[in-house]
K.L.:
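A single structure is presented below for examination.
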Amino acid sequence: MSGGKTYDAVVVGAGVFGAWTALALARRSRSVLLVEAYGPGHSRSSSGDESRIIRMGYGTDEIYTRWSQRSLTLWKELFRARHREALFQQTGVLWLAEPGNAALRATAEVLARCAVEFSEPDRAWLTKNYPQINFDGIGSAIYEPQSGVLLARRAVAAAVEEALRLGADYQVAEVLAPGGCGRMPHIRTGGGDAVKAVEFVFACGAWLGKMFPDILGERIFPTRQEVFYMGVPAGNEQFSPPWLPTFLFKTDESYGVPNLESRGLKIALDRHGPPVDPDTQSRIVRPQEADQIREYVAYRFPALREAPIVETRVCQYENTSSGDFLIDRHPEMSNVWFVGGGSGHGFKHGPAAGEYLAEQLLDGPRPHERFALKSKEKVQKRAVF
Ligand SMILES: Cc1cc2nc3c(=O)[nH]c(=O)nc-3n(C[C@H](O)[C@H](O)[C@H](O)COP(=O)(O)OP(=O)(O)OC[C@H]3O[C@@H](n4cnc5c(N)ncnc54)[C@H](O)[C@@H]3O)c2cc1C
């Protein structure tokens, strides 16, 4: 807790971006307080599910390929330090699309340039190795053998634990929306505390628009996303690693994670749902979405035609206009920073984002224009996948 202390930095929000920002600052020997309203990786946060994919492919967007590479190294180092190696599951990641898909072609070029290990299996190889998948319409594929899955909410907790081990403080409190201009002296919590710091980082995920309604209210678009876990047939290992990798059907806008920790095959559509409020949206899936997923699973995984839905999650993407992250300084408060806009693909990048923000704070700002506030528009035109 704060007392009369002035921290080097207060980080608001212990999702993946806030946790790794606090950790990056603590690693650079700065005094940090991490303040979180509900708890690291809680069920209403975007970081709160069991698993998140980490893959290197990003079409032409090489910056994200490089950030994924850097982040996977940092995730593995963290898990090794915490003796939690199993929080990364190297399932491999399989991209699937129609013949001649431009995004997969671009992905292959960038992966080659960045020295990422990958192969481009043909249809005969796919059918032989993954008989549980219906490859109708699929004619291009990329396989990343080193990529896989982060066990998300526990991975965030591990980053927070490591930050605390290095001296960071942690407080459960709701931070009230700040106002004014110039240098902000302190934040205020719902409990009436005022906490002083030199720099303030707001890593509030889908809540960023509520915290800064004038600036971000129309630039962060929280959308409802529903995720399903399908029960696999008894005695059947075809849907578990190594028999099934993590997969992304570009053509169908779907993705999934194999049966990890016996929770079932995780599957979801990567399409933006309706706009939502992250505090109040219902966390119960809608019957029509469940029917759509059942139908889709029956088509791509015929052996799961009768599979029951054994778990569900309802969460939100916190989209920017393009899908590029928002990591920038507040335009009117010189010691206030935003990190967010993960846009459905941010989890894997937590380590690189934390490292980047720490560099901006401590080594002088050299902002990348893709992360700049001025590049964030008020109309959604998703370009990063
Ligand atoms: C269904 C789904 C699937 C996804 N799949 C992938 C994937 O496979 N791979 C991938 O890389 N990414 C994926 N993502 C995206 C990724 O999960 C998010 O981009 C990332 O988790 C965002 O992290 P965050 O820290 O910005 O936000 P959050 O995790 O939401 O954290 C924000 C935190 O701020 C706290 N907070 C907010 N306001 C306040 C306040 N006033 N006071 C105190 N605390 C506050 C909240 O309680 C919350 O804990 C997916 C997202 C969803 C929803």
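Read the numbers this way: they start at 1 and go in the same order the structure lists the ligands and their atoms. Counting from 1, the numbers follow the sequence of the chain as shown. Worth knowing before you read on, the calculation uses all heavy atoms, side chains too, and leaves out hydrogens, waters and symmetry mates.
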K.L.:
Which heavy atom of Tyr229 sits nearest a heavy atom of Arg313, and at what distance?
P.N.:
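Reported closest heavy-atom pair: CE1-CG, 4.3 Å.
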
K.L.:
Within ligand 1, which atoms have a heavy atom of Ala173 less than 4.0 Å away?
P.N.:
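Close to Ala173: 42 (N), 43 (C).
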
K.L.:
Check ligand 1 against Lys348 and write out every atom of the ligand that is under 4.0 Å from a heavy-atom position of the residue.
P.N.:
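Taking each heavy atom of Lys348 in turn, ligand 1 has 9 (N), 10 (C), 11 (O) under 4.0 Å.
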
K.L.:
Taking NZ, NE, NH1 and NH2 as the nitrogens, is one of them in Glu50 or Arg153 under 4.0 Å from a carboxylate oxygen of the other?
P.N.:
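Salt bridge flag = yes for Arg153 with Glu50.
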
K.L.:
Taking 4.0 angstrom as the limit and counting only heavy atoms of Gly342, give me the atoms of ligand 1 inside it, by number and element.
P.N.:
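Every atom of ligand 1 under 4.0 Å from some heavy atom of Gly342: 19 (O).
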
K.L.:
Which residue supplies the protein heavy atom nearest to atom 30 (O) of ligand 1, what is that atom called, and how far is it?
P.N.:
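Sorting protein heavy atoms by distance from atom 30 (O) of ligand 1 puts Ser46 N, 2.9 Å first.
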
K.L.:
Fit a plane to each ring of Phe371 and His368, take the angle between them on a 0 to 90° scale, and name the class: parallel (under 30°), tilted (30 to 60°) or perpendicular (over 60°).
P.N.:
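The arrangement is tilted - the two ring planes meet at 30° to 60°.
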
K.L.:
Hey, what's the ring geometry for Trp125 with Tyr143, parallel, tilted or perpendicular (30° and 60° as the breaks)?
P.N.:
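Answer is tilted, since the angle falls between 30° and 60°.
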
K.L.:
Atoms of ligand 1 less than 4.0 Å from Trp207 heavy atoms?
P.N.:
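Within the 4.0 Å cut-off of Trp207, ligand 1 contributes 30 (O), 37 (C), 38 (N), 46 (C), 48 (C).
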
K.L.:
Write out the residue and atom name of the closest protein heavy atom to atom 49 (O) of ligand 1, then the distance separating them to 0.1 Å.
P.N.:
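Nearest protein contact, heavy atoms only, for atom 49 (O) of ligand 1 is Glu36 OE1, 2.7 Å.
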
K.L.:
Note the single closest protein heavy atom to atom 34 (O) of ligand 1, along with its residue, its atom name and the distance in Å.
P.N.:
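Checked against all protein heavy atoms, atom 34 (O) of ligand 1 sits closest to Gly13 CA, 3.3 Å.
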
K.L.:
Among protein heavy atoms, which lies nearest atom 7 (C) of ligand 1, and at what distance?
P.N.:
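Nearest neighbour among protein heavy atoms for atom 7 (C) of ligand 1, to 0.1 Å: Ile53 N, 3.4 Å.
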
K.L.:
Using heavy atoms and a threshold below 4.0 Å, how should the contact between Phe17 and ligand 1 be classified: side chain, backbone, both, or neither?
P.N.:
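The part of Phe17 near ligand 1 is both the backbone and the side chain.
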
K.L.:
With rounding to the nearest 0.5 Å, note down the distance linking CG in Asn319 to CG in Asp324.
P.N.:
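Between Asn319 CG and Asp324 CG, I get 12.0 Å after rounding to 0.5 Å.
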
K.L.:
Please report whether ligand 1 has a polar contact with Ala37, defined as an N or O pair separated by less than 3.5 Å (distance criterion only).
P.N.:
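So ligand 1 has an N or O lying under 3.5 Å from an N or O of Ala37.
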
K.L.:
Pairs of nitrogen or oxygen atoms closer than 3.5 Å, one from Gly18 and one from ligand 1: do any exist?
P.N.:
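Looking only at distances, the answer is no, because the N/O contact criterion of under 3.5 Å is not met.
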
K.L.:
Heavy atoms only: which of Ser68, Ala353, Gly344 is nearest to atom 13 (C) of ligand 1?
P.N.:
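Nearest heavy atom to atom 13 (C) of ligand 1 lies in Gly344.
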
K.L.:
Please check if atom CD in Glu295 has more than 12 non-hydrogen atoms from other residues, nucleotides or ligands closer than 6.0 Å.
P.N.:
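No.
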
K.L.:
Does Asn335 reach the side chain of Arg183, with side-chain heavy atoms less than 4.5 Å apart?
P.N.:
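The answer is yes, as the side chains (C-beta and beyond) meet within the 4.5 Å cut-off.
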
K.L.:
Mind checking whether Trp67 and Tyr356 have parallel, tilted or perpendicular rings, split at 30° and 60°?
P.N.:
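Rings of Trp67 and Tyr356: tilted, as their planes differ by 30° to 60°.
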
K.L.:
Are Lys378 and Arg219 close enough that some pair of their side-chain heavy atoms sits under 4.5 Å apart?
P.N.:
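Lys378 reaches Arg219 side chain to side chain.
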
K.L.:
Quick one: do Arg224 and Glu289 make a salt bridge, cutoff under 4.0 Å?
P.N.:
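No salt bridge links Arg224 with Glu289.
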
K.L.:
Name the closest protein heavy atom to atom 41 (N) of ligand 1, giving the residue it belongs to and the distance to 0.1 Å.
P.N.:
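Nearest neighbour among protein heavy atoms for atom 41 (N) of ligand 1, to 0.1 Å: Val175 O, 2.9 Å.
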
K.L.:
Is it the side chain, the backbone, both or neither of Glu318 that has a heavy atom closer than 4.0 Å to ligand 1?
P.N.:
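Only the side chain of Glu318 comes within reach of ligand 1.
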
K.L.:
Is Lys374 salt-bridged to Asp328, going by a charged N under 4.0 Å from an acidic O?
P.N.:
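No salt bridge links Lys374 with Asp328.
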
K.L.:
At a 4.0 Å threshold, what atoms of ligand 1 neighbour a non-hydrogen atom of Tyr38?
P.N.:
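By the 4.0 Å cutoff, the relevant atoms are 47 (O).
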
K.L.:
In the protein, what heavy atom is nearest to atom 12 (N) of ligand 1, and what distance, to one decimal place, separates them?
P.N.:
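Here the closest protein heavy atom is Phe347 N, 3.1 Å.
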
K.L.:
Starting from atom 1 (C) of ligand 1, find the nearest protein heavy-atom neighbour and note its residue, name and distance.
P.N.:
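Answer, as residue, atom name and distance: Val227 CG2, 3.5 Å.
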
K.L.:
Enumerate the atoms of ligand 1 whose separation from the nearest heavy atom of Gln316 is less than 4.0 angstrom.
P.N.:
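Taking each heavy atom of Gln316 in turn, ligand 1 has 53 (C) under 4.0 Å.
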
K.L.:
What part of Met211, side chain from CB on, backbone N/CA/C/O, both or neither, has a heavy atom under 4.0 Å from ligand 1?
P.N.:
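Side chain only.
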
K.L.:
Under 4.0 Å from any heavy atom of Cys315, which atoms of ligand 1 are there?
P.N.:
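Checking each atom against Cys315, I get 52 (C), 53 (C).
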
K.L.:
Would you check whether Tyr255 has a nitrogen or oxygen atom less than 3.5 angstrom from a nitrogen or oxygen atom of ligand 1?
P.N.:
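No, no N or O pair falls under 3.5 Å.
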
K.L.:
So which heavy atom in the protein is nearest atom 27 (O) of ligand 1, and how far is it from that ligand atom?
P.N.:
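Nearest protein contact, heavy atoms only, for atom 27 (O) of ligand 1 is Gly205 CA, 3.4 Å.
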
K.L.:
Could you check which of Arg44, Arg55, His42, Arg52 puts a non-hydrogen atom nearest to atom 5 (N) of ligand 1?
P.N.:
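Selected option, by shortest heavy-atom distance: Arg52.
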
K.L.:
Heavy-atom distance under 4.5 Å between the side chains of Asp136 and Arg300, does that happen here?
P.N.:
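Yes - at least one pair of side-chain heavy atoms lies under 4.5 Å apart.
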
K.L.:
Over 60° means perpendicular and under 30° means parallel, so tell me whether Trp75 and Trp20 are parallel, tilted or perpendicular.
P.N.:
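Rings of Trp75 and Trp20: perpendicular, over 60°.
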
K.L.:
If the threshold is 4.0 Å, N to carboxylate O, is there a salt bridge linking Arg271 and Glu253?
P.N.:
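Answer for the salt bridge query: yes.
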
K.L.:
Taking the ring centre of each residue, are Phe325 and Tyr64 less than 6.0 Å apart?
P.N.:
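So the answer is yes for these two rings.
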
K.L.:
Is it the side chain, the backbone, both or neither of Ala203 that has a heavy atom closer than 4.0 Å to ligand 1?
P.N.:
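Backbone only; the side chain of Ala203 stays clear of ligand 1.
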
K.L.:
Check whether any heavy atom of Pro40 sits under 4.0 Å from an atom of ligand 1.
P.N.:
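It does not; every heavy atom stays at 4.0 Å or beyond.
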
K.L.:
How does Asp49 reach ligand 1, by side chain, by backbone, by both or by neither, if only non-hydrogen atoms under 4.0 Å count?
P.N.:
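Neither part.
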
